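Reading through the structure tokens given below for one structure.
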Amino acid sequence: MLSRILVPMDDSEPAGNALAYALENFPDAEVTVLHVVGVPSMLMGQAAGLALEDDLDDAARERAEPVFERVRKRAADHDREVDTVVGVGHPARNILDRADNYDTVVLGSHGADWNRASHRFLVGNVAGTVVRRASVPVTIVR
């Protein structure tokens with residue numbers, strides 16, 4: 001029986017589908033949503049912006065809040081509550097660093113999207129990296 005589930009989220013539809021999957025299929029499990037900010041970019045935009053903040057934790061939480069608002073709404077639609085946690089830096093690394101504390105990871109997949117090609121080049125395919133390296137089972141949701 002799965003009692004602790006990690007659901008990494010960005011603002012994509014597949015990530016929202018992963019959260020819905022976790023909430024619907026594991027009604028008794030504790031669900032934690034991870035949102036990672038400060039993702040590397042071509043010009044280091046997010047990462048550089050965070051580095052200039054006086055309080056990194058507050059700045060990261062503020063940038064994650066729009067995603068967490070959608071998360072709380074979706075959880076309420078399922079009569080559930082979820083925990084939220086903010087990571088800073090590379091998404092796959094953040095997920096893998098936390099995975100050992102959970103029974104499974106439920107992650108959205110981003111299929112082929114040429115608009116995200118430059119992001120994938122720099123950040124890599126997060127879902128693929130997590131599947132290959134996670135120490136716990138991983139479910140990919142489209």
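Only a predicted model underlies this, so the values are computations on that prediction, with no experimental measurement involved. Just so you know, these numbers use all the heavy atoms, side chains as well, and skip hydrogens, waters and symmetry mates.
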[X] (side chain) donor-acceptor with [Y] (main chain) under 3.5 angstrom:
X      : Y      : value
Asp10  : His35  : no
Arg70  : Pro66  : yes
His78  : Arg80  : no
Thr104 : Pro137 : yes

Mind listing the closest non-hydrogen atom pair of [X] and [Y] along with its distance?
X      : Y      : value
Ile140 : Ser109 : CG2-CB, 3.2 Å
Val82  : Ala75  : CG1-CB, 4.0 Å
Gly108 : Ala127 : O-CB, 4.2 Å
Ala15  : Pro8   : CB-O, 4.4 Å
Val37  : Ala60  : CG2-CB, 3.5 Å
Gly87  : Leu34  : N-CD1, 3.7 Å

State plainly whether the residues Asp77 and Lys73 are in salt-bridge range, i.e. N to O under 4.0 Å.
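So Asp77 pairs with Lys73 through a salt bridge.
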
Going from CZ on Arg74 to CG on Asn17, what distance comes out if it is rounded to the nearest 0.5 angstrom?
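Rounded to the nearest 0.5 Å, the CZ-CG separation comes to 6.0 Å.
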
Do [X] and [Y] have side chains that get closer than 4.5 Å, going by heavy atoms?
X      : Y      : result
Met9   : Phe68  : no
Ile5   : Thr32  : no
Val31  : Leu23  : yes
Leu19  : Val33  : yes
Val85  : Arg98  : yes
Val105 : Thr139 : no
Glu30  : Asp83  : yes

Counting only heavy atoms not in [X] (residues, nucleotides, ligands), do more than 12 fall under 6.0 Å from its [atom1]?
X     : atom1 : result
Arg93 : CZ    : no
Glu13 : CD    : no
Glu62 : CD    : no
Glu24 : CD    : yes

From Val126, Thr129, Val138, residue fulfilling side chain to side chain contact (heavy atoms under 4.5 Å, CB included) relative to Ile95
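The side chain to side chain contact (heavy atoms under 4.5 Å, CB included) with Ile95 is passed solely by Val126 among Val126, Thr129, Val138.
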
State whether a side-chain donor-acceptor pair under 3.5 Å links Ser3 with Asp103.
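Ser3 vs Asp103: donor-acceptor pair found between side chains.
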
Run through Glu65, Arg72, Arg61 and flag the one making a side-chain hydrogen bond (donor to acceptor under 3.5 Å, both in side chains) with Thr84.
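The option that passes is Arg61.
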
